[in-house]
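Structure, as C-alpha cells:
So that the names make sense, note that chain A is the first sequence line, chain B the second, and so on, each numbered from 1.
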Amino acid sequence: MDEQARMMLGHIGLTGLPHEDVGDPDNIRKHHNMGQPQQDIGDILQQIMVITDESLDEAQARKHALNCHRMKPALFSVLCEIKERTALSIRGIQEEDGPDPQIMRLDNMLLAEGVAGPERAGASAAAAVVAAAAGGSPSEGGSVDHSEYKEKLAQIRRMYHAELEKYQQACNEFTDHVMNLLREQSRTRPISPKEIERMVGIIHRKFSTIQMQLKQSTCEAVMILRSRFLDARRKRRNFSKQAAEVLNTYFYSHLANPYPSEEAKEDLARKCSITVSQVANWFGNKRIRYKRNVAKLQEEANRYAVKTAVDAASVSSQASQANSPATPNSGGYPAQCYTPDGRL
DNA sequence: CCCGATGATTTTAT
DNA sequence: ATAAAATCATCGGG
C-alpha cells in the first residue's frame, strides 16, 4: 500500500513540485536570492528526492533528521514560494465533478431490482416488480415460481454487498493512508488542506469507477436472472378454445375497427378468464397478423392474376388489341380491410 | 424433431 | 401514451 500511495502521489503531481524546479539548486537561487552555499540546499533536496525510495523505517529516521535540519525553515519558505508560482497551473485543473448519469442509472436499476437498499424490503420490492412484470398472472401460482428466482437474487445481493463493502473499506484505508502521508509531508513542504481534499476526491473517483464496474456486472447478472425466470414468454400457455372463440368473434364482428375500448377489453377479459393486458396483447397480435395475412394473400392473388392475364394475352396474341384492363390487382376478395378508415 | 401458430416482450414511430 | 412492427420463446401437431 505504501508503494501505491507513493506512486499515486508521483503520478498525479500533487506534490506541486515539478522535479525540474526542485532538483536544480540554481533555479531555487533564482527564485530566492540568498547566498547560502548551495551544497546545503542541494543536500537536503537530494535527501527529499531519495526519501520516497526508501523503506518506511529508513524514511522515518531520515525525515526526523530533515525536520531538525537547520536549513529546514528556509527551505520550507522556498518551497512555499515555488509553489505559489506553480499554483496557477494546478488551479487550471477543473474539478468537474458531476453526479455521473451512468452510475445514477445503475444505482436506480439496482434499487428497483431490490439488490441495493434494505435487506428484507428489497425482497418485497423485487416481488412487486415481478408481479408487475408478469402483468398480473390470471390465476397462476405466482410466488411458487419465484422462489428460486428470489433465492438467486438474494445470492447476487449478498455478493454485491460483500464486494461493495470490500471496496469501501479499501477506499477508506487507502484514503486514510494518503491523508496521513500528506499530513506528514506537510511538515516539510506546503500542502494546503484544500489540496488534501482534492486528493481525496481523486481517490474517491478512482474507486467509484471500480464500484461502477461492480454495479455494472451486478446489473448484468440481475438482467440475465430476470430473463431466465421472469420472462413470461418462457411459460406461456395458449388460451382455451372458447377464449379464442370469444376473442375471434369480437375481432371479426368489429373488423372495421378492431380496437376494443377499455370497457370492452375488461368485458372480454372477464369472459375469457384472462387479464386486460392479455386481451390487449391478443388484439395487438391479431391486428398485425390479420393484416399481414391479408397483404400476403392479396399479393399472392395478384401474382396469379398477373400470370393468368399474361398467359391469356400470349395465347390470344393474334388478337389486335388486348381488351383486358391490364390491372388485375384489386383482389377485392378480403376487401374488409380495417386499415383505411381513420382510427381515432 | 421440424415448423407454423401463438402469446409476450421489445423496439419504433406518431 | 398508444399502436404497429419486429422479435422472442414456447406450444402443439405432423
Side-chain angles (χ1 to χ4, degrees), chain A residues 101-102 105-106 108-115 125-150 152-153 216 218-304 333-344:
Chain A
Q102 177 78 359
R105 200 171 56 82
L106 293 175
N108 286 339
M109 174 171 273
L110 288 174
L111 208 58
E113 227 53 61
V115 173
V129 170
V130 167
S137 293
S139 58
E140 204 77 28
S143 54
V144 178
D145 295 320
H146 300 146
S147 62
E148 195 178 353
Y149 168 80
K150 282 200 287 197
K152 290 203 186 280
L153 187 69
Q216 177 95 43
T218 304
C219 272
E220 220 167 281
V222 169
M223 293 318 278
I224 290 171
L225 191 68
R226 247 183 99 90
S227 73
R228 179 72 183 79
F229 286 91
L230 262 45
D231 193 338
R233 283 177 292 200
R234 290 189 180 275
K235 43 181 186 253
R236 140 184 113 71
R237 293 290 174 272
N238 288 351
F239 297 153
S240 70
K241 216 64 174 158
Q242 61 176 14
E245 196 67 23
V246 170
L247 292 168
N248 275 311
T249 300
Y250 186 98
F251 180 80
Y252 284 108
S253 62
H254 298 74
L255 201 52
N257 185 34
Y259 297 86
S261 65
E262 199 59 34
E263 195 178 315
K265 276 191 250 185
E266 284 169 21
D267 188 43
L268 287 167
R270 217 174 312 114
K271 280 180 188 156
C272 302
S273 306
I274 59 178
T275 67
V276 173
S277 57
Q278 281 178 305
V279 173
N281 284 339
W282 191 91
F283 273 87
N285 284 320
K286 190 70 182 179
R287 281 191 301 261
I288 186 66
R289 281 162 185 168
Y290 175 81
K291 197 165 104 177
R292 190 185 302 163
N293 271 349
V294 166
K296 198 184 78 179
L297 293 178
Q298 203 153 25
E299 188 201 358
E300 198 173 55
N302 288 349
R303 275 212 338 267
Y304 282 97
Y333 162 63
Q336 289 178 304
C337 196
Y338 60 88
T339 37
D341 61 24
R343 48 169 183 277
L344 205 156

May I ask you to evaluate whether [X] reaches the phosphate of [N], defined as a side-chain N or O under 4.0 Å from OP1 or OP2?
X: Arg237(A); N: dC11(C); value: yes
X: Asn281(A); N: dA8(B); value: yes
X: Gln278(A); N: dG7(B); value: no
X: Lys291(A); N: dA5(C); value: yes
X: Arg289(A); N: dA5(B); value: no

Exactly one of Glu266(A), Lys265(A), Lys271(A) should register a side-chain contact (heavy atoms from CB on, under 4.5 Å) with Val279(A). Which one does? Lys265(A)
Give the rounded distance in Å between these two atoms: [atom1] of [X] and [atom2] of [N].
X: Arg292(A); N: dA6(C); atom1: CZ; atom2: P; answer: 7 Å
X: Arg234(A); N: dA8(B); atom1: CZ; atom2: C1'; answer: 12 Å
X: Asn238(A); N: dT10(C); atom1: CG; atom2: C1'; answer: 8 Å
X: Arg228(A); N: dA9(C); atom1: CZ; atom2: P; answer: 11 Å
X: Leu230(A); N: dA9(C); atom1: CG; atom2: P; answer: 14 Å
X: Phe251(A); N: dA3(C); atom1: CZ; atom2: P; answer: 14 Å
X: Lys241(A); N: dG12(C); atom1: NZ; atom2: P; answer: 10 Å
X: Arg287(A); N: dA3(C); atom1: CZ; atom2: P; answer: 6 Å

Minimum heavy-atom separation for Ala269(A) to Val276(A), with atom names?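 For Ala269(A) versus Val276(A), the nearest heavy atoms are CB-N, 3.9 Å.
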Kindly give the heavy-atom pair with the smallest separation between Phe283(A) and Pro260(A), and that separation in Å.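 Heavy atoms of Phe283(A) and Pro260(A) come nearest at CD2-CD, 3.7 Å.
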Between the base of dA9(C) and the side chain of Asp231(A), is one N or O donor paired with an acceptor at under 3.5 angstrom? no
Ignoring hydrogens and angles, does a donor from either the side chain of Arg236(A) or the base of dT6(B) sit under 3.5 Å from an acceptor on the other?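 Result: at least one qualifying N/O pair found.
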Might you confirm whether atom CD of Gln242(A) has over 12 heavy atoms from other residues, nucleotides or ligands at distances under 6.0 Å? no
Are any side-chain N or O atoms of Lys235(A) and backbone N or O atoms of Leu230(A), one a donor and one an acceptor, separated by less than 3.5 Å? no
Closest-nucleotide mapping onto DNA chain C: is Asn285(A) or Lys265(A) further toward the 5' terminus? I mean the 5' end. Lys265(A)
